[in-house]
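Just below is one structure, and these are the notes that go with it.
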Protein chains: 2
Amino acid sequence: MHKENNLSKNQQIIFDLINKSSEPLKAYTILFNVQKKGIKAPPQVYRALDKLVQTGKIHKIESKNAFVACRSSSCEISKATAFSICESCEMVDEISDAKLTKYLSSFSDKKGTKYKRFNLEFFGLCKKCK
Amino acid sequence: MHKENNLSKNQQIIFDLINKSSEPLKAYTILFNVQKKGIKAPPQVYRALDKLVQTGKIHKIESKNAFVACRSSSCEISKATAFSICESCEMVDEISDAKLTKYLSSFSDKKGTKYKRFNLEFFGLCKKCK
DNA sequence: TTAAAATTTGTTATAATATAACACTATGTA
DNA sequence: TACATAGTGTTATATTATAACAAATTTTAA
Ligand SMILES: [Zn+2]
Ligand SMILES: [Zn+2]
Ligand SMILES: [Zn+2]
Ligand SMILES: [Zn+2]
């Protein structure tokens with residue numbers, strides 16, 4: 001019986017919470033919300049988050065220290081992430097743009113160096129806030 | 001006598017330190033290194049950092065919670081920042097690439113929304129580490 | 001020049017984010 | 001089975017960042 005790509009109990013609880021959320025969740029907000037399910041301490045949350053990030057189920061929004069579920073068809077297990085972030089309402093959307101992904105994935109700097117991963121964060125006002 | 005775009009004493013001390021550094025500096029590393037100059041507490045460091053970021057003299061590397069001096073001719077007071085980050089030696093370089101800046105500054109998402117600022121971080125191995 | 005306004009500083013305390021370390025349990029593999 | 005790998009629970013602590021308040025300095029403009 002080989003291992004399916006299944007999540008462990010804590011990983012599933014935390015993924016479900018993030019996946020249902022319409023906004024990025026912070027680690028301690030997550031902790032507070034899963035305490036009734038038996039997850040009581042920060043390391044339990046951070047370990048699950050680490051694993052979910054590694055496997056591309058969620059992403060960390062670095063400028064906010066918060067986490068969102070992956071919604072992209074082109075991020076390719078987190079090698080190529082792009083987000084739009086509203087500076088007014090804090091809403092975050094993952095950008096799925098094959099052309100953008102291709103452009104950045106093939107980018108090479110002035111020394112000709114190519115990179116194996118990127119993370120891009122756009123800031124502005126979302127449709128609702130404009 | 002109008003205000004030149006000069007830095008205050010603490011701002012200058014902290015900028016000099018970051019500017020001389022060949023690697024990103026963290027806030028508490030900075031604090032430790034400027035204590036002999038009379039800057040004794042975290043708020044003094046964070047206030048100077050905030051101001052230096054606002055004025056585009058330095059940038060925060062979000063994935064590392066660390067700060068580097070601006071070295072770009074095309075970041076336009078931090079509206080368009082791009083960095084390469086070595087996953088082995090932790091080296092960070094600001095990318096100055098007019099074409100990249102132009103491409104991303106004019107990017108609009110599927111709803112036609114444009115953004116006023118972006119931050120891009122590339123990850124890989126630097127020349128030395130390859 | 002002088003008084004109000006804005007900025008910067010110094011200081012103490014505390015909030016928010018993240019990891020170390022260790023003992024133990026569950027699951028996958030041979 | 002037995003070994004390895006991954007996940008869990010727990011306590012303590014490290015790291016990053018801000019709140020709040022008083023004082024000093026610099027800028028602006030009457
Ligand atoms: Zn994704
Ligand atoms: Zn908004
Ligand atoms: Zn710059
Ligand atoms: Zn390197």
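These values consider heavy atoms only, across backbone and side chains, with no hydrogens, waters or symmetry-generated copies. Below, chain A is the first sequence line, B the second, and so on; all start at residue 1. The shown structure was predicted, so the numbers you read here are calculated from the model rather than taken from an experiment.
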**OP:** Over all heavy atoms of both residues, which pair between A:Thr101 and A:Ser74 is shortest? Give the atoms and the distance, please.
**Re:** OG1-OG, 3.5 Å
Original post:
Of A:Lys37, A:Gln44, A:Lys51, A:Arg47, which is the lone residue that meets side chain to side chain contact (heavy atoms under 4.5 Å, CB included) with A:Asn10?
Top reply: A:Gln44
**OP:** Please report, rounded to the nearest Å, how far the P atom of D:dG7 is from the CD1 atom of A:Ile13.
**Re:** 14 Å
Original post:
Which one, C:dT7, D:dT16, D:dT11, comes nearest to the side chain of A:Pro43?
Top reply: D:dT11
Original post:
Between A:Gln11 and D:dG7, does any side-chain N or O lie under 4.0 Å from OP1 or OP2?
Top reply: yes
Original post:
Given D:dG9, D:dA6, C:dT11, which nucleotide is nearest the side-chain atoms of A:Arg47?
Top reply: D:dG9
**OP:** Please tell me which of A:Tyr28 and A:Gly38 maps to the more 5' nucleotide of DNA chain D, matching each residue to the nucleotide holding its nearest heavy atom.
**Re:** A:Gly38
**OP:** Would you indicate whether the side-chain heavy atoms of B:Phe83 and B:Phe122 approach each other to under 4.5 Å?
**Re:** no
**OP:** Measure from NZ on B:Lys37 to C1' on C:dG10 and round the result to the nearest Å.
**Re:** 19 Å
Subject >> Nearest-angstrom distance from the residue atom CG of A:Leu49 to C1' of D:dT8 >> reply: 15 Å
Original post:
So, do A:Tyr103 and B:Tyr103 have ring centers that fall under 6.0 Å from each other?
Top reply: yes
Subject >> Which nucleotide in C:dT11, C:dT19, C:dC22 has an atom nearest any side-chain atom of B:Gln44 >> reply: C:dT11
**OP:** Could you state the atom-to-atom distance from CZ of B:Phe32 to P of D:dA14 in whole Å?
**Re:** 16 Å
Original post:
Is there a side-chain polar atom (N or O) of A:Asn10 under 4.0 Å from OP1 or OP2 of D:dA6?
Top reply: no
**OP:** Establish, with yes or no, whether the OP1 or OP2 oxygen of D:dA17 is under 4.0 angstrom from a side-chain nitrogen or oxygen of B:Tyr46.
**Re:** yes
**OP:** Decide yes or no for B:Thr81 and B:Leu120: does some side-chain heavy atom of the first lie under 4.5 Å from some side-chain heavy atom of the second?
**Re:** no
Original post:
Mapping B:Pro42 and B:Ser8 onto DNA chain C by nearest heavy atom, which one lands closer to the 5' end?
Top reply: B:Ser8
**OP:** Select one nucleotide: of C:dT11, D:dG9, C:dG10, the one nearest the side-chain heavy atoms of B:Lys40.
**Re:** C:dT11
Original post:
Is the phosphate of C:dT17, meaning OP1 or OP2, less than 4.0 Å from a side-chain N or O of A:Lys26?
Top reply: yes
Original post:
Base, sugar-phosphate alone, or nothing: which one does B:Lys60 contact when heavy atoms must sit under 4.0 Å apart?
Top reply: sugar-phosphate
Original post:
Closer to the 5' end of DNA chain C via nearest nucleotide, is it B:Asn65 or B:Ile39?
Top reply: B:Ile39
